[in-house]
Trainee: 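If you scroll down you'll find the structure; I have some questions about it.
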Protein chains: 2
Amino acid sequence: MVVEPIRDRRAERREATKAEILDAAWELVRAEGLAALNLRDLAAKVGMRPPSLYSYFDSKHAIYDAMFLQGNLELLARYEALPVCDDPVGALRQGSRLFVQFGIEDPARAQLLFMRTIPGFEPSAETYDVAKRIVELGIERLTRAGIRPEYFDLWTGIVSGLVWQQIANDAGGDRWTKYVDDVVDMFLAHVNKHNKRGRSK
Amino acid sequence: MVVEPIRDRRAERREATKAEILDAAWELVRAEGLAALNLRDLAAKVGMRPPSLYSYFDSKHAIYDAMFLQGNLELLARYEALPVCDDPVGALRQGSRLFVQFGIEDPARAQLLFMRTIPGFEPSAETYDVAKRIVELGIERLTRAGIRPEYFDLWTGIVSGLVWQQIANDAGGDRWTKYVDDVVDMFLAHVNKHNKRGRSK
DNA sequence: CGTAGAGCCTAACGCCGTTAGGCAAACGGC
DNA sequence: GCCGTTTGCCTAACGGCGTTAGGCTCTACG
């Protein structure tokens, strides 16, 4: 094995510090809320002065953007780690549970990823692509379950609403799993009814 | 008719100015986003210096609170102005359409009223009561349609999700009316199925 | 007419994100 | 092994934010 160029060591160190900053940011955001993040506290948490953060991120929005990317990568990884499920309905249920679980377990992250509440923050094109891939995975599941495209928006709205409602009500426990299953059932029953009507025409 | 005491004239004037400030705040919030509201622009819009706003509101959060109250009163008024609908299902559909319409027509207002995205802002007890009354009106409609309490949360989650989804996707037109009707149908079908199963036990 | 207070002002404070500029340590070429 | 460059962090400061202190002016009222 070749010796690593020293240059890479530096880059590694740099990436490690970036990761440390992001970890601290997540911690602050979880504790105080998404919009309450501020660079002075963040810098203090990683043992720096505020302006030094600008060696690693161009702006506060760039930090949000990096967090946005991290969150989406995490979600994508979980989707891909899901055991294969041959039953299309089971797969839809599985994916929906994953999404709701992901949203509920970290409300601040859900707010960053799925709501647009920070004024002036738009995810960069690169990070947005990952978000798109996740949407595609969801669409794949919907399609396999026999749901037609005109219902996709309705479905995402319903599932997001579930997450939002659980977060807003500080709902504990795992009652949400029943909700998810209920919603999958009712949605499938509804679109199947319409599909049949459509076919019989 | 007795002459109005001058004292009341002053109070009237004061209330008028408060209303003017709130109107300007709504305008700014609609144009720039909820969190982008700032006292300097707001003061300029009503022809004052920023500190003068403190003669009318104790803080920026007090302004949000007054807006929160106004928004809820508006929604309540619309609910009460709804023509009476004897058909329980029709009434549920009617109420749901009203809610979604209300949310979509002013996303910033919906964000203020139904999401908790402003750090540190909690509606005061007084204003919160109005919000509760609205929830009760919704529950009344659900009950009349034969839906049991355990489904209330699920329903509010679904309807809020619809609003959120329409806002997030900048969806224009009135496609949402179809969505609302779809959702009402599927929800009723679902809970009726469960009701019957429950009864047959 | 004198006094109280309402309504608005200017000045300033502390916090925020951000920029400018400096200084020491680490690096890479000779 | 020395020297210029680069890196990583620093201090100082700017403009914008919400907010407070304090003063001026004009109106209402005894």
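Throughout, protein chains are lettered first and strands after them, A, B, ... in sequence-line order, and every chain is numbered starting at 1.
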Trainee: Could you work out, with salt bridge (charged side-chain N to carboxylate O under 4.0 Å, His left out) as the rule, every residue matching K132(A), not counting sequence neighbours?
Mentor: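 Testing K132(A) for salt bridge (charged side-chain N to carboxylate O under 4.0 Å, His left out), a comparison that skips the adjacent residues, returns none.
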
Trainee: Produce a footprint string for nucleotides 8-21 of chain D: one letter per nucleotide, 5' end first; B if the base is under 4.0 Å from any protein heavy atom, S if only the sugar-phosphate is, - if neither.
Mentor: SBBBB----BBBB-

Trainee: Identify the pairs formed between an N or O of the protein and an N or O of nucleotides 22-24 of chain D at a distance under 3.5 Å, and give each distance.
Mentor:
none

Trainee: Between atom CD in E15(B) and atom P in dG7(C), what is the gap in whole Å?
Mentor: 11 Å

Trainee: Can a donor-acceptor pair be found between the side chains of R141(B) and Q94(B) at a distance below 3.5 Å?
Mentor: yes

Trainee: So Q165(A) and Y179(A), do their side chains get closer than 4.5 Å, heavy atoms only?
Mentor: yes

Trainee: What I'd like to find out is whether the side chain of D106(B) reaches to under 4.5 Å of the side chain of V29(B), using heavy atoms alone.
Mentor: no

Trainee: Mind running side chain to side chain donor-acceptor pair (under 3.5 Å) on T117(B) and Q111(A) for me, showing each step along the way?
Mentor: CA-CA 8 Å; T117(B) 73; Q111(A) 193 184 339; 4.9 Å; no

Trainee: Please, which pairs that meet ring pair (Phe, Tyr, Trp, His ring centres under 6.0 Å) have at least one residue in residues 39-58 of chain B, sequence neighbours excluded?
Mentor: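 Qualifying pairs, neighbours excluded: none.
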
Trainee: How long is the line joining CG of L53(B) and P of dG7(C), in whole Å?
Mentor: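 In whole Å, dG7(C) P and L53(B) CG are 14 Å from each other.
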
Trainee: Can you list every ring pair (Phe, Tyr, Trp, His ring centres under 6.0 Å) pair that touches residues 76-112 of chain A, not counting sequence neighbours?
Mentor: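 Residue pairs passing ring pair (Phe, Tyr, Trp, His ring centres under 6.0 Å), neighbours aside: F99(A)-F114(A).
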
Trainee: With F187(A), which residues qualify under ring-ring contact (aromatic ring centres under 6.0 Å, His included), at least two apart?
Mentor: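 Testing F187(A) for ring-ring contact (aromatic ring centres under 6.0 Å, His included), a comparison that skips the adjacent residues, returns W155(A).
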
